[in-house]
Amino acid sequence: HVSAVNRQNVRDWKHALSKWPLKANDIAAFRGMKFREVLEANAAEKKPPISQKNINRYLSALGGFAGWLLSNDFIQQDVMRGMYLVLDKRKRTRFPFSAEQLVSIFGSPMFHRCGGDKKEHKPGDIEIRDWRYWLPVIGLYSGARLGEIAQLLTADVREIHGVWVFHVTQEGSDQKSTKTPGSQRVVPIHSKLIELGFLDYLKSMQEAKSVQLFPELVADTRGFISGRSSSFFNDYFRRIGAKKDKSVNFHSLRHGMADAFRRAGYLDEQFGLLLGHAKHTTTGQYGIIPQGVLADRAAMVEAVQFPELDGVLC
């Protein structure tokens, strides 16, 4: 009953969330359990808890509902006031992959020849060229977020003024989203992706009349197309020794792209638009853009180099 939505219960729930296991819904040992049962079971399982940032996300989800209850007089007090955890946004928790880690990842079996499904980390005779291969490679040379790449449609890859681009948009499917309206953007495709055969992959998806660029990726129980791939890559990076803690994950490729722009001599305000760090303005939108502007963006993307991967990713 809505009367249970009061400050005391919200406070107690917030404290309980500090013990809530990370990705509890994906852990078999907790399947079918209620909230308190999971907390009790985790005393033995000892799975790591969610972060303070994720606690605030849960609180925010409740906050929308609580705000509606308050505005419609179902409750009489702002139950969320002062409940959110104060986070130090200056503290960095994610880092780019080191040169050694990049070599470990892109020199690993999955990017050459591997043992196949569930044996991607082992050498073999099978060449994988589906989402497992392309998502990290695109992430490396575009800086796009995992969710942005996973949700791409074949129609989102097109040629403008002679330049192949990714259209990162919310359009074309009700399952697509971007972090902010300003995250919608046009990102030129790096020549290395074309060299590796990305346009051939695109053509094969178009010939198969696939709407999705990566049709094997479907929304999980939470509605995220990237859910499966996120779990897969975290596990894969651990298996090949490129990930030992939470300091790196798929998002580290995005940080690496930012550093590569800086190495090429560009300022943050120059390449921010290409990473989706822009205000929702006319110039920041993803629609038709002038040839000269697109050429400038393509030059920035082409300036990105990872010399440690020369002869490794080919």
Side-chain angles (χ1 to χ4, degrees), residues 92-112 120-121 128-152 156-157 165-166 168 178-179 183 185-198 201 213-214 217 224-264 266 268 271-277 297 300-314:
R92 198 171 181 183
T93 59
R94 294 288 183 272
F95 297 87
F97 287 114
S98 67
E100 293 76 14
Q101 288 170 321
L102 286 177
V103 171
S104 294
I105 292 170
F106 294 103
S108 67
M110 188 172 69
F111 295 92
H112 299 276
E120 295 91 348
H121 60 295
I128 287 178
R129 289 298 181 271
D130 59 11
W131 60 272
R132 291 169 288 184
Y133 176 90
W134 286 114
L135 264 64
V137 176
I138 292 173
L140 177 70
Y141 283 103
S142 72
R145 301 173 178 92
L146 176 57
E148 294 172 339
I149 306 171
Q151 71 184 8
L152 284 172
D156 291 330
V157 185
V165 301
F166 293 113
V168 180
T178 54
K179 188 172 182 180
S183 294
R185 61 199 187 277
V186 171
V187 181
I189 296 177
H190 197 289
S191 60
K192 184 64 176 182
L193 292 175
I194 297 175
E195 176 189 326
L196 292 171
F198 175 69
Y201 172 81
L213 186 59
F214 305 107
L217 297 179
F224 297 127
I225 292 178
S226 60
R228 176 188 175 192
S229 55
S230 177
S231 298
F232 174 84
F233 289 121
N234 274 329
D235 182 59
Y236 185 77
F237 294 157
R238 287 191 189 96
R239 287 189 170 194
I240 62 174
K243 176 181 173 68
K244 293 181 171 60
D245 53 39
K246 295 181 180 180
S247 65
V248 293
N249 58 15
F250 191 97
H251 205 71
S252 297
L253 297 171
R254 181 172 168 83
H255 289 295
M257 182 71 165
D259 283 349
F261 278 130
R262 295 180 185 116
R263 287 197 300 270
Y266 292 103
D268 288 24
F271 64 77
L273 180 66
L274 289 170
L275 295 181
H277 292 157
R297 294 185 187 182
M300 275 195 284
V301 170
E302 282 301 308
V304 168
Q305 300 295 327
F306 297 97
E308 62 269 33
L309 296 179
D310 289 348
V312 175
L313 186 57
C314 54

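By the side chain to side chain donor-acceptor pair (under 3.5 Å) test, S252 pairs with no residue at all, sequence neighbours left out. For Y141, the ring pair (Phe, Tyr, Trp, His ring centres under 6.0 Å) criterion is met by H190, F306, not counting sequence neighbours. For E195, the side chain to side chain contact (heavy atoms under 4.5 Å, CB included) partners at least two apart in sequence or on another chain are K192. The side chain to side chain donor-acceptor pair (under 3.5 Å) check on S191 picks up E302, with sequence neighbours excluded. Under the ring pair (Phe, Tyr, Trp, His ring centres under 6.0 Å) criterion, H121 pairs with no residue, sequence neighbours left out. Legend: residues meeting side chain to side chain donor-acceptor pair (under 3.5 Å) with R263, ordered by chain and number and at least two apart, are absent. Partners of R262 under the side chain to side chain contact (heavy atoms under 4.5 Å, CB included) rule, at least two apart in sequence or in another chain, are A258, D259, D268, F271. Judged as a side chain to side chain contact (heavy atoms under 4.5 Å, CB included), and not counting sequence neighbours, the contacts of N234 are K23, S230, R238, K243, N249. Taking the side chain to side chain contact (heavy atoms under 4.5 Å, CB included) definition, one finds that F232 meets it with M110, E120, W131, R132, Y236, sequence neighbours left out. Here H112 pairs with nothing under the ring pair (Phe, Tyr, Trp, His ring centres under 6.0 Å) rule; sequence neighbours left out.
Looking at I189 and V157, their side chains come closer than 4.5 Å, going by heavy atoms from C-beta outward. S183 is listed as a side-chain neighbour of E148, based on a closest heavy-atom distance under 4.5 Å. Side-chain contact between L273 and R297: present, with at least one pair of heavy atoms (C-beta onward) separated by less than 4.5 Å. In this structure, F198 and L213 have side chains that are in contact, with non-hydrogen atoms separated by less than 4.5 Å. Here the side chains of V304 and V301 are not in contact, with every heavy-atom distance at 4.5 Å or above. With a 4.5 Å cut-off on side-chain heavy atoms, F106 and P136 count as touching. Looking only at side-chain heavy atoms (C-beta outward), F166 and I138 come within less than 4.5 Å of each other.
Minimum heavy-atom separation, L140 to M257: O-SD, 3.6 Å. Taking all atoms of both residues into account, the shortest heavy-atom contact from Y133 to I128 is CB-O, 3.5 Å. Taking every heavy atom of both residues into account, L146 and S226 meet most closely at CG-CB, 4.0 Å. Closest of all the heavy-atom pairs between A150 and F214 is O-CD1, 4.3 Å. Between F111 and I105, the shortest heavy-atom contact is CD1-O, 3.1 Å. L274 approaches P188 most closely through the heavy-atom pair CD2-CD, 3.8 Å.
Here the side chain of R254 pairs no donor or acceptor atom with the backbone of A144 at under 3.5 angstrom.
Pairs engaging residues 305-314 under the side chain to side chain donor-acceptor pair (under 3.5 Å) rule: none recorded [sequence neighbours left out]. The salt bridge (charged side-chain N to carboxylate O under 4.0 Å, His left out) pairs that include a residue from residues 101-111 number zero, where partners must be two or more places apart or lie in different chains.
Expressed to the nearest 0.5 Å, how far CG of L152 lies from CG of L217 amounts to 10.5 Å. Residue H255 holds its NE2 atom at 8.5 Å from CZ of F95, rounded to the nearest 0.5 Å.
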Go through the steps to decide whether V248 and F237 satisfy the test side-chain contact (heavy atoms from CB on, under 4.5 Å), and finish with yes or no.
CA-CA 9 Å; V248 293; F237 294 157; over 6 Å; no
